[in-house]
Amino acid sequence: MKQQRSEIAIRIEDITKIYGEGRGKVIALQDVSIDIPENEFFTLLGPSGCGKTTLLRLIAGFEHPTKGKIHLYGKDITAYPPYKRKVNTVFQNYALFPHMTVAENIAFGLEMLGKPKKETDETVNEMLTLVKMEDLKNRQISQISGGQQQRVALARALAPKPRVLLLDEPLSALDQKLRKEMQIELKRLQSETGITFVFVTHDQEEALTMSNRIAVLNSGKVLQIGTPREIYKQPSERFVADFIGETNFLKAEILGCANGVASLTLPSGKTVETNVQKGFSPEGTVNIVIRPEHATVVEDPAESLLQGRLINAVYFGTDMRYHIELESGETFTVRIQNNPDDKTSTQFLGTEVCIGLHKNAVQILKD
Amino acid sequence: MRPDNTTNHEVGLPISEVIKTASKKQEQRRWLLLSPALILLLLAASGPLLIVLVYSFLTPGDYSGVIWELSLDGWIQVIWQRDIFTGSIALSDAHLRILLRSIKLSFLTTILTLIMGFPTAYFIATRSKKRRSLWLFLITIPFWTNLLIRTFAIMEVVRNEGILNALLLALNVIDQPIQILYTDFAILAGMLYVFLPLMVLPIYSSMERFDFNLVEAGYDLYATRWRTMRRIILPIIRPGIVAGSILVFVPSLGAYVTPRILGGGKSMMLGNLIELQFGQGNNWPLGASLSFFLLALTMIFLLLYVRLTSKSAKSHV
Ligand SMILES: Nc1ncnc2c1ncn2[C@@H]1O[C@H](COP(=O)(O)OP(=O)(O)O)[C@@H](O)[C@H]1O
Ligand SMILES: [Mg+2]
């Protein structure tokens, strides 16, 4: 985790974006504030239509905010046209210039910045090496594959050495295998160039594996910002917990809360303690989440925190998923890693099982 | 057939030969498909053209038609005239003026329709799908009325007692009706009106296929509006501009109806001059020579234009 204080590359300050007017208006973003430090791989994650592209387009300058400000390294760029902002975009459909070669595409931004020919040529070659496309520099865009176009789009956007690179679902058009390759490639490019990346995706796994930090968006609002670990382990709202990974939702009664530890009563009547975030003191009836892999099936009834009847056991290769119907009627999923000697567990179907929980498995939601 | 993919033993031919024969057959079938159009072209275009070519080398008949007597007079008279009394030859002012007017007006028509048509096409192409068809529909409405009627309507507007002059008089902008009808300006206005859709439609069709994300990509890579237009939009939609310019320039050079009505006898263009020779002028060989001259002129301009535009496209990239 980063310790040194780094400069803020992008500051999004209280941005609201409304498309259209009157009855047809759409609130695409509402009171969004995000600080993105220099040299970070920052991801905007959310379902389709939540406003990710809109936020990226506001940073690039293709749209203007209805309210709020955007700062680039401390400078207010809200009123700047796109060609005056030192940020570059990798478009979702690549948007490569079809009448130019690979090298001409990459050189375009440098030419527009008025760089001398020699410097431009050097940078183009450097970029071609960076994305491993040296052999195809004189190809026409129509003569290269989708994956290669993706690389050219990246090289073209990186060539002018922008202060921030914006990427709008750049991998969504690639097939699974290529996608995994490009994920690694993107991580490498980010650390090699040191350029701040703002990456948009609706794929939670992609977000978790690639990012330094993630902002989860829904319906134009930022729900939570944090590292992948924080987002996964301590989702603050139901939507975040549900959108990222698998999870069990239950209700619980708070007994008390002190020094960042809350004790609560589970639906089974058993009591557990769990950490809560600073400044959050839940009370009364709350919603809690428990990740399936943070629970386990125990033999000893004394260790049991929840009980139920095993209704289904699904083999997933790396692990087993047990679906257990709790006494309260909800279905609870437990996920247990398989080992070499695992045997079929179908003979236990219909029997009563006891569920144990790892320490801090219970996460209290704010909503 | 044996499942052998290298040699066809039954006919003893290597597969590549078999494929060649097959494609030859396909080729023949293609020609067969083309033949109706080809025959029509031969009969309707080449035949008459040949007749006109032959006529251009004959002698005018006394009242009309031609006498079968070889003469180069038709060709000479395209830009020269023979003095009736002395028989000496001098450049024909009248013909040269008509020629220059034709070229000038066609150029102006092409350039002005381009200047007006380009933003129009851009406007339509950037509307929503539904709106686009509405605008295209509006653009094509003039085609529904006969050209003659539309041209007479323009005449009504611009003539001395017409609406335009009446309006200007009423507003005290002028105190004498201005002569618009039978001037080059009237012809130009009429041609602009007639040819504008022919410029808009091809440009629109190449713009419709244009990916407007490329404009944003241009802005994103530090290109100003003007440079995005010059370096990205123009080169990509160039085929539409070339097509539109040809579609406007070629028929304007040979325009007949518009200059006939709006130019009267005073402002003639090549088309009217040709018609004159086959009618009142009674000089078919000259008419035929002028026709061929017009054809050659058109070809030269087309070649120049295509040469010019493809070269400039290369130097841009
Ligand atoms: N140009 C636009 N005009 C009107 N509404 C728009 C426009 N662009 C986006 N929207 C709306 O704004 C919302 C957010 O869109 P977007 O930012 O594209 O979401 P995402 O990229 O997360 O899928 C959606 O409801 C979308 O329909
Ligand atoms: Mg999007």
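Quick note on labels: first sequence line is chain A, next is B, and so on, each numbered from 1. Below, all heavy atoms of this structure are taken into account, side chains as well, without hydrogens, waters or symmetry copies. On a predicted model such as this, the values are computed, not experimentally measured, just so you know.
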From [X] [atom1] over to [Y] [atom2], what is the distance, rounded to the nearest 0.5 angstrom?
X	Y	atom1	atom2	answer
B:R231	A:E104	CZ	CD	8.0 Å
B:L221	A:Y83	CG	OH	14.0 Å
B:I236	A:M100	CD1	CE	7.5 Å
A:F108	B:R227	CZ	CZ	8.0 Å

Quick check on [X]: does its [atom1] atom have over 12 non-hydrogen neighbours (other residues, nucleotides or ligands) under 6.0 Å away?
X	atom1	answer
B:M116	CE	yes
B:R225	CZ	no
A:R188	CZ	yes
A:K187	NZ	yes
B:F185	CZ	no
A:E21	CD	no

A:L96 versus chain B, heavy atoms under 4.5 Å apart: side chain, backbone, both or neither?
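The backbone, not the side chain.
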
Would you say that A:P160 contacts B:Y222 through its side chain, given a criterion of any heavy-atom pair below 4.5 Å between the two side chains?
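They are in contact (side-chain heavy atoms under 4.5 Å apart), so the answer is yes.
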
Of all of A:K84, A:Q92, A:R57, which one pairs up most often with chain B through heavy atoms under 4.5 Å apart?
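Ranked by heavy-atom pairs under 4.5 Å with chain B, first place is A:R57.
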
Based on non-hydrogen pairs under 4.5 Å, which of A:T89, A:N88, A:V87 is most in contact with chain B?
A:N88

When every non-hydrogen atom of A:A95 is compared with those of B:L214, the smallest separation belongs to O-CD2, 3.3 Å

Among the listed options B:D211, B:T228, B:T224, the residue most often paired with chain A at heavy-atom distances under 4.5 Å
B:T224

